[in-house]
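Have a look at the structure below before the remarks.
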Amino acid sequence: MHSNFADKKILVGLSGGVDSATCVHLLTAAGFAVEGAFICFSPAHHAMQPAAETAAKELGIPLHIINAEELFDETVALPFCRTYCAGKTPNPCILCNPLVKFNLLAQKATELGIACIATGHYARTVTKKGTVYLRTAASTSRDQSYMLYRLPQSILERLVLPLGEHEKSNVRHIAEAAALSAAAAPDSQEICFVPEGDYAAYVEGRGFKSPAGNFIAPNGTVAGPHKGLLHYTVGQRRGLGVALGKPAFVKEISPNGDIYLGFGGEEFAAGIELEDTFWAEGKPPENGTYTVKIRSMAAPAACAFQVQNGKATVLFAAPQRAPAPGQSAVLYSGGLVLGGGFITKNIRTAHF
RNA sequence: UGGGCUGUCGCCAAGAGGUAAGGCACGGGACUUUGACUCCCGCAUUCCGCUGGUUCGAAUCCAGCCAGCCCAA
């Protein structure tokens with residue numbers, strides 16, 4: 001076992017949900033001296049603190065409260081708003097994990113003199129030749145490694161992910177057997193800092209405005225005005241309010257304000273270009289064949305990866321549906337997370 | 001103000017005497033630690049431009065009117 005685990009002390013991120021509570025339970029059962037940390041990311045999280053406190057009490061561990069509202073707002077929430085206004089689709093979790101959640105958890109652990117940290121994420125880690133890689137969870141349907149791809153080595157080498165080997169249903173059973181209140185907690189979450197799940201209302205409520213423009217139908221005609229760029233994302237169908245006889249999808253969002261629509265099939269892309277990449281080994285993997293995820297809940301898809309003149313490009317073996325600029329593409333090899341980057345544009349049809 | 005055509009849910013559109021298909025859009029739900037996708041449910045209960053008439057019974061037949069479009073002037 002990793003030398004850092006020697007003192008058996010560990011700090012666990014505790015949200016009050018079933019996963020993090022079960023994570024603590026498993027670690028305690030394994031002999032760890034566990035302490036918990038509840039991180040308050042936004043005003044919307046205030047309501048969750050009691051659940052975390054209840055869980056800590058039931059689990060018999062001390063709970064540290066970390067207020068991260070200011071950091072989260074500047075690092076995640078505001079960039080989230082700006083990205084939408086730029087006609088792209090942000091993924092707040094991707095930024096929050098390395099910059100706020102795991103960052104503060106590790107910081108707190110250091111402060112407490114605790115070497116290891118843990119969370120209830122469904123993912124695993126594995127060390128090879130001095131590099132710690134994230135690895136997909138045993139439960140492929142719950143795998144959350146995608147969301148963690150930007151975690152730095154300094155975090156990964158301290159990280160323990162007890163749920164990586166478990167199935168979700170199993171986790172809930174464990175929580176029930178341990179009589180944890182969290183066993184009954186619903187695990188469905190949307191954007192954690194957006195209360196009603198209406199992200200557009202949130203962005204606008206914070207005073208942001210995005211370019212207006214028109215929907216452009218597949219035949220090139222103007223199909224009417226839209227509500228503002230921030231209301232849409234590539235691949236979206238519902239909420240367009242455009243009746244063209246058959247389902248229409250957002251094919252492309254132009255920075256000038258126009259939104260190009262396509263019929264079923266036209267939202268697929270042959271490949272993508274990436275920017276601001278992050279790699280486990282500190283440098284991009286060799287050009288070659290890998291698998292890639294362009295969204296969290298998707299099976300890794302075969303692809304060809306190449307870096308040319310500093311620009312990373314991914315060509316899919318089979319067209320992928322609606323990659324959205326702003327979202328992340330994560331590269332895998334045999335279940336290991338090699339890294340990834342943010343999608344800048346879709347390649348309709350192209351070859352290296 | 002001569003001739004022709006059309007008028008069914010927000011949009012498109014079946015229907016051609018027997019008691020209002022469908023698609024799109026929309027609403028709700030499920031799924032989901034991002035956005036999406038997907039799936040499920042709902043969506044003109046007397047109403048088919050309006051007013052009368054024929055009929056046991058009409059959106060479907062008849063008459064008049066109104067509205068829009070087209071061609072002539």
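Quick note on labels: first sequence line is chain A, next is B, and so on, each numbered from 1. Just so you know, these numbers come straight off a predicted model, no measurement behind them.
Using the Watson-Crick or G-U wobble rule with both distances under 3.5 Å, B/rU38 pairs with B/rA30. Across all strands shown, B/rA63 pairs with B/rU51; the Watson-Crick or G-U wobble distances both stay below 3.5 Å. Pair check for B/rC56 finds B/rG18; Watson-Crick or G-U wobble, both atom distances under 3.5 Å. Both distances falling under 3.5 Å, in either a Watson-Crick or a G-U wobble arrangement, place B/rC5 opposite B/rG68. The nucleotide B/rC11 finds its pairing partner in B/rG23, both defining distances of the Watson-Crick or G-U wobble pair being shorter than 3.5 Å.
Taking atom CG of A/Asp19 as the reference point, atom C1' of B/rU33 lies 9 Å away to the nearest angstrom. The CG-C1' distance, from A/Asp198 to B/rA36, rounds to 15 Å in whole Å. Atoms CG (A/Leu95) and P (B/rG35) sit 15 Å apart, rounded to a whole Å. Atom pair A/Lys227:NZ and B/rA25:P shows a separation of 14 Å (rounding to whole Å applied). The CZ-P distance, from A/Arg150 to B/rU34, rounds to 18 Å in whole Å. Rounded to an integer number of Å, the gap from CZ of A/Phe263 to P of B/rC24 is 12 Å. In this entry the distance linking CD of A/Glu267 with C1' of B/rU38 reads 12 Å, nearest Å. Rounding to whole angstrom units, CE of residue A/Met297 and C1' of B/rU33 are separated by 8 Å.
Side-chain N/O atoms of A/Gln327 and A/Thr89 include no donor and acceptor closer than 3.5 Å. Side-chain contact of A/Gln107 with A/Glu111: a donor-acceptor pair under 3.5 Å is absent, judged by distance alone.
Cation-pi geometry between A/Lys251 and A/Tyr260 is not met at under 6.0 angstrom from the ring centre and within 45 degrees of the axis. Taking the ring axis of A/Phe249 as reference, the NZ or CZ atom of A/Arg321 stays within 45° of it and closer than 6.0 Å to the ring centre.
Both A/Ala243 and A/Gly120 lie close to RNA chain B; mapped to their nearest nucleotides by heavy-atom distance, the more 5′-ward contact belongs to A/Ala243.
Distances were taken from every side-chain heavy atom of A/Arg142 (C-beta onward) to each of B/rC24, B/rU32, B/rG35; the shortest belongs to B/rU32. Side-chain atoms of A/Arg238 lie closest to B/rG27 of the nucleotides B/rG27, B/rC11, B/rU33. The listed nucleotides are B/rU32, B/rC37, B/rA36; the one nearest the side chain of A/Glu190 is B/rU32. In this structure, of B/rU33, B/rU32, B/rA36, it is B/rA36 that holds the atom nearest to the side chain of A/Gln236. Taking the side chain of A/Pro247 as heavy atoms from C-beta on, and the options B/rG35, B/rC24, B/rU33, the nearest nucleotide is B/rC24. Counting only heavy atoms from C-beta on, A/Tyr146 has its side chain closest to B/rU34 among B/rA25, B/rG35, B/rU34. The side chain of A/Arg321 lies closest to B/rA36, out of B/rU33, B/rG29, B/rA36.
Among the heavy atoms of the strands, none lies under 4.0 Å from A/Cys192. Contacts of A/Val242 with the nucleic acid, taken as non-hydrogen atoms under 4.0 Å apart, involve only primed sugar atoms and P, OP1 or OP2. In this structure, A/Phe249 reaches the sugar-phosphate backbone alone: every heavy-atom distance under 4.0 Å involves primed, P, OP1 or OP2 atoms, never a base. If you check every strand for non-hydrogen atoms under 4.0 Å, A/Phe80 touches nothing. Backbone-only contact: A/Gly239 has heavy atoms under 4.0 Å from sugar-phosphate atoms and none from a base. Using a 4.0 Å heavy-atom criterion, one finds that A/Leu240 contacts the sugar-phosphate atoms exclusively.
When all heavy atoms are compared, the tightest approach of A/Tyr133 to A/Val337 is CD2-O, 3.6 Å. Scanning both residues, A/Asp143 and A/Arg135, for their nearest heavy atoms gives OD1-O, 4.4 Å.
To the nearest whole angstrom, the two C1' atoms, one in B/rG18 and one in B/rG23, are 27 Å apart. As rounded to the nearest Å, B/rA63 and B/rU54 have P atoms that lie 15 Å from one another. For B/rG49 and B/rC9, the P atoms lie 8 Å apart once the distance is rounded to whole Å. Comparing B/rG15 with B/rA20, their C1' atoms are spaced 8 Å from each other, to the whole Å. On the P atoms, B/rC26 is 15 Å away from B/rG10, given to the nearest whole Å. Nucleotides B/rG42 and B/rC24 have their C1' atoms positioned 16 Å apart, rounded to a whole Å. The same atom, C1', is picked in B/rC62 and in B/rG22; the two are 31 Å apart, to the nearest Å. The same atom, C1', is picked in B/rC70 and in B/rU55; the two are 36 Å apart, to the nearest Å.
By the criterion of side-chain heavy atoms lying less than 4.5 angstrom apart, applied directly or through intervening Ile, Leu, Val, Met, Phe, Trp or Tyr residues, A/Phe80 is not grouped with A/Leu229; the two fall into different hydrophobic clusters.
At least one side-chain nitrogen or oxygen of A/Arg237 sits closer than 4.0 Å to the OP1 or OP2 atom of B/rA25.
Shown here, B/rC39 is classed anti by the O4'-C1'-N9-C4 or O4'-C1'-N1-C2 angle, which is more than 90° from 0.
The aromatic rings of A/Tyr199 and A/Tyr84 sit parallel to each other, their planes meeting at less than 30°, with 60° as the upper class boundary.
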